[in-house]
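Data first, discussion second: the structure below is written as structure tokens.
Small disclaimer: the values here were computed from a predicted structure and weren't measured.
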Amino acid sequence: MGLNREAAASKFVSAIILAGIIIWIFSAFSITKYPDLLIFSTLLLFLFITEYFPIPIWKGLSALSFPLLYTIELLYGWGLTVVVFGAMVCLIHALNKRPLRIVLFNPAQLLLSFFGAVHVTELILLSLEAGLSAFWYAELRMILIAGMYYIFNNLIVDAVLLIRPQTYPLKIWKTKTISESLVTLFSISYITLMFLLGSQNRGVVDVFSYIFFFSPLVAIALISSFIARLHQERNRLKALYKISTTFNAHLPSKDWLQQAELPFLEFLGTDAVILFLNDGDSWKKAYENGVVSVEKEICTDFIELLESNPSMHLFNKKNENNAWGFSFFPDSIKSVMLAPLMAEEEITGVLITGRTRSHSFSAVDTQSMATLANQLAVAWKTKLLISEREKRVLLEERNRIAREIHDGIAQTLAGSVMQLETAQRVFTIKPERTKQLVAVSTEKLRGSLKELRESIYALRPYPTERIGLHQAIKAKIKSIKEEGHIIQIHFQERGTPSRLSTMVEKVIFDIFQESLQNVLKHAKATKVSILLSYSNDQVIFRIKDDGIGFSLYESMIKAQQEPHYGILNMNEQSDTLGASLHIDSAKGKGTEIKLQIPQLETKEAHIT
């Protein structure tokens with residue numbers, strides 16, 4: 001069904017092109033007036049400028065050229081107007097390096113619309129009663145031609161969009177219709193002003209009169225076009241900024257590309273996008289948006305092709321050689337661009353995007369695609385590095401626990417076994433010695449059992465993993481109160497809580513427990529305030545008490561002498577995150593401990 005509609009749309013476009021060529025030739029033989037070269041050249045120059053700098057409307061463009069087009073028709077007739085207008089539009093599309101089908105279709109569409117508008121208006125005016133003044137007759141004729149030109153032009157465009165298999169929503173039709181209507185009303189108003197000024201009979205109308213009158217129109221066209229393009233570029237920059245900040249905020253979390261709406265389509269100006277990433281072991285689809293309906297994974301041949309030619313690929317039309325590039329999208333996608341993600345001369349992913357219009361990618365689009373691909377390559381490489389760092393930390397933690405078991409529990413058990421064997425040998429000879437050996441072994445085994453339980457507890461899921469950081473802190477505060485400690489503890493959370501990595505939550509909770517334990521043991525405080533604050537660029541954890549305080553200098557000296565002292569542990573843990581730990585205390589003035597963690601570090605990849 002889709003292929004039939006596409007074929008029907010192609011035939012319709014071909015019919016419009018053929019009709020346009022016939023009208024253009026017919027108009028060339030219908031020229032009755034020959035122009036004044038200077039005035040005609042001036043009007044043609046202005047017409048060229050207004051057509052070359054159109055205003056973006058919806059997915060297309062609209063020019064403010066109708067007042068000039070109508071003026072040429074008034075002065076020299078519709079024959080010459082159609083001929084020069086068709087040739088000029090073809091030239092402009094050729095200069096913009098548009099595909100041949102567009103070069104022919106767009107002028108044909110405009111010529112048919114203008115030709116039909118002029119002749120339908122003449123038929124309508126013939127049926128009206130005479131008696132109108134010259135001004136109102138000219139005004140009515142102009143309004144009818146402008147209205148018919150607008151209607152015929154939009155009917156042709158709407159017909160193509162409705163015949164094609166792609167959906168043409170009512171909302172989009174309304175947007176296009178309103179925008180085109182405003183351009184038409186502006187054209188009618190401008191020509192009406194020309195009629196009013198012309199009716200004043202203020203002298204000879206020469207080339208300077210036309211320059212004076214149409215210069216504002218050309219200026220409006222230029223300024224409007226530049227403003228529209230600046231607005232488009234601003235939106236693209238905003239989209240790029242949002243993409244960059246989103247990467248920083250959500251990058252290393254497990255679902256980093258699904259955490260927020262990424263404006264890939266807005267930045268690229270395309271209709272579909274797919275991202276494949278390589279984690280070193282396999283290729284997986286990481287993101288998709290737009291008209292993507294084909295469930296297809298990346299294949300070995302595709303990867304080999306990228307590796308043999310790691311550059312951008314642009315396919316403006318589907319054929320046998322590039323069908324693989326279109327295979328990720330439905331048939332409605334007519335142009336495809338692929339950009340490999342390169343990091344250290346290695347392909348780590350590929351970004352694929354498409355449009356429903358053939359030959360629609362420009363040099364600017366290629367630059368935008370390259371920019372986004374570079375951003376994604378850096379982000380993905382950073383994510384992989386963070387993941388590797390966390391795996392390394394986990395391995396170091398496992399090795400540490402293994403060493404503790406080997407040097408502690410294992411040695412104790414070995415010693416206890418040897419003592420029990422000795423007791424067994426001397427049991428009948430030295431009963432008292434046997435009792436002593438059994439007692440010592442039992443005490444050591446109890447100690448080993450305690451250490452073993454502590455190790456097992458350390459290997460169990462951390463409280464923050466089971467219930468989250470916020471609930472873990474509240475549960476700890478509740479347990480402190482249940483133990484009978486007479487102290488006021490106030491916990492506050494600010495900002496919008498964001499997803500933190502397992503490591504970050506563990507470090508914050510460890511520093512919280514260590515700090516609170518020091519307060520309960522040494523500070524003699526009556527109040528403790530705890531703050532967990534989230535912002536765009538960092539997460540802050542702060543715990544403050546009104547206790548007796550301490551000398552930070554003396555504590556640091558003590559920390560060097562006692563390796564397991566709390567401050568040293570807190571410093572080491574904050575260093576693993578690239579965070580900063582600030583301790584502010586003085587005797588008699590309480591203590592404040594503040595941990596500041598950069599936002600990039602707060603969302604490191606969860607270990608799976």
Heavy-atom side-chain contact between Phe264 and Glu266 under 4.5 Å: no
Those residues that, when tested against Thr192, pass side chain to side chain donor-acceptor pair (under 3.5 Å) (two or more places apart): Glu139
Intermediate values then yes/no, side chain to side chain donor-acceptor pair (under 3.5 Å), Asn153 and Gln109: CA-CA 7 Å; Asn153 192 20; Gln109 162 204 338; 2.2 Å; yes
Test item: Thr50 side-chain N/O and Ala63 main-chain N/O as donor-acceptor pair under 3.5 Å: no
Residue list, ring pair (Phe, Tyr, Trp, His ring centres under 6.0 Å) with His119, at least two apart or on another chain: Trp78, Phe115
Side chain to side chain contact (heavy atoms under 4.5 Å, CB included) involving Ala272 - partner list, sequence neighbours excluded: Val291, Val292, Phe329, Ile333
Spacing of Met148 atom CE and Leu155 atom CG [to the nearest 0.5 Å]: 10.5 Å
Validation row: Leu351, Leu372 side chains within 4.5 angstrom (heavy atoms): yes
Ala159 versus Phe12, closest heavy-atom pair with distance: CB-CZ, 3.7 Å
Test salt bridge (Lys or Arg N to Asp or Glu O under 4.0 Å) applied to Glu233 - qualifying residues, sequence neighbours left out: Arg236
Closest heavy-atom pair and its distance - Pro340, Ala373: O-CB, 4.2 Å
Ring pair (Phe, Tyr, Trp, His ring centres under 6.0 Å) involving Tyr52 - partner list, sequence neighbours excluded: Phe48
Inter-residue atom distance Ile145.CD1 - Ile188.CD1, 0.5 Å rounding: 11.0 Å
Intermediate values then yes/no, side chain to side chain contact (heavy atoms under 4.5 Å, CB included), Tyr137 and Leu125: CA-CA 9 Å; Tyr137 178 85; Leu125 291 175; 3.5 Å; yes
Residue pair Val89 / Pro107: nearest heavy atoms and the distance that separates them: CG1-CG, 3.6 Å
Partner residues of Phe40 under the ring pair (Phe, Tyr, Trp, His ring centres under 6.0 Å) criterion, sequence neighbours left out: Tyr76
Under 3.5 Å: donor-acceptor pair, side chain of Ser181, backbone of Thr177: yes
Any residue meeting side chain to side chain donor-acceptor pair (under 3.5 Å) with Arg101, in chain and number order, not counting sequence neighbours: Ser10
Spacing of Leu47 atom CG and Leu64 atom CG [to the nearest 0.5 Å]: 11.5 Å
Intermediate values then yes/no, side chain to side chain contact (heavy atoms under 4.5 Å, CB included), Thr71 and Leu75: CA-CA 6 Å; Thr71 301; Leu75 293 175; 4.1 Å; yes
Side-chain touch Asn106/His93, heavy atoms, less than 4.5 angstrom: yes
Val336 and Leu338, any side-chain heavy atoms less than 4.5 Å apart: yes
Donor-acceptor under 3.5 Å (Ser282 side chain, Asn278 main chain): no
Test log, rule side chain to side chain contact (heavy atoms under 4.5 Å, CB included), inputs Val504 and Ile597: CA-CA 8 Å; Val504 171; Ile597 310 170; 3.9 Å; yes
Spatial distance of atom CD (Glu51) from atom CZ (Phe46) [nearest 0.5 Å]: 15.0 Å
Contacts of Leu18 that satisfy side chain to side chain contact (heavy atoms under 4.5 Å, CB included) - sequence neighbours left out: Ile22
Any pair counted as salt bridge (Lys or Arg N to Asp or Glu O under 4.0 Å), so long as it reaches residues 140-163, sequence neighbours left out: Glu73-Arg141, Glu122-Arg141, Asp158-Lys176
Contacts of type ring pair (Phe, Tyr, Trp, His ring centres under 6.0 Å), residue Phe226, not counting sequence neighbours: Phe53
Minimum side-chain heavy-atom gap Leu275-Lys285 below 4.5 Å: no
Quiz item: cation-pi between Arg355 and Phe361, 6.0 Å / 45°: yes
Atom pair CE/CE of Met337 and Met312 - distance to nearest 0.5 Å: 4.5 Å
Minimal non-hydrogen separation, Leu277 against Ala286, with atom names: CD1-CB, 3.6 Å
For Leu100, side chain to side chain contact (heavy atoms under 4.5 Å, CB included) partners two or more places apart: Leu104
Audit row: Thr270, Thr353, side chain to side chain donor-acceptor pair (under 3.5 Å) steps and yes/no: CA-CA 7 Å; Thr270 55; Thr353 190; 2.7 Å; yes
Gap separating the CD1 atom of Ile31 from the OG1 atom of Thr81, nearest 0.5 angstrom: 9.0 Å
Heavy-atom closest contact (Pro497 atom, Gly495 atom, distance): CD-O, 3.3 Å
Intermediate values then yes/no, side chain to side chain contact (heavy atoms under 4.5 Å, CB included), Ile352 and Val273: CA-CA 6 Å; Ile352 312 172; Val273 64; over 6 Å; no
With Pro67 via side chain to side chain contact (heavy atoms under 4.5 Å, CB included) - residues at least two apart: Ser187, Tyr190, Ile191, Phe214, Leu217
Near-ring test Phe276/Tyr287, centroid separation under 6.0 angstrom: no
Ile347 vs Trp283 side-chain heavy atoms within contact, under 4.5 Å: yes
Side-chain heavy atoms of Tyr149 within contact of Val118, under 4.5 Å: no
Heavy-atom pair with the smallest gap, counting every atom of Ile17 and Ala108: CA-CB, 3.8 Å
Min side-chain heavy-atom separation Phe152-Val120 under 4.5 Å: yes
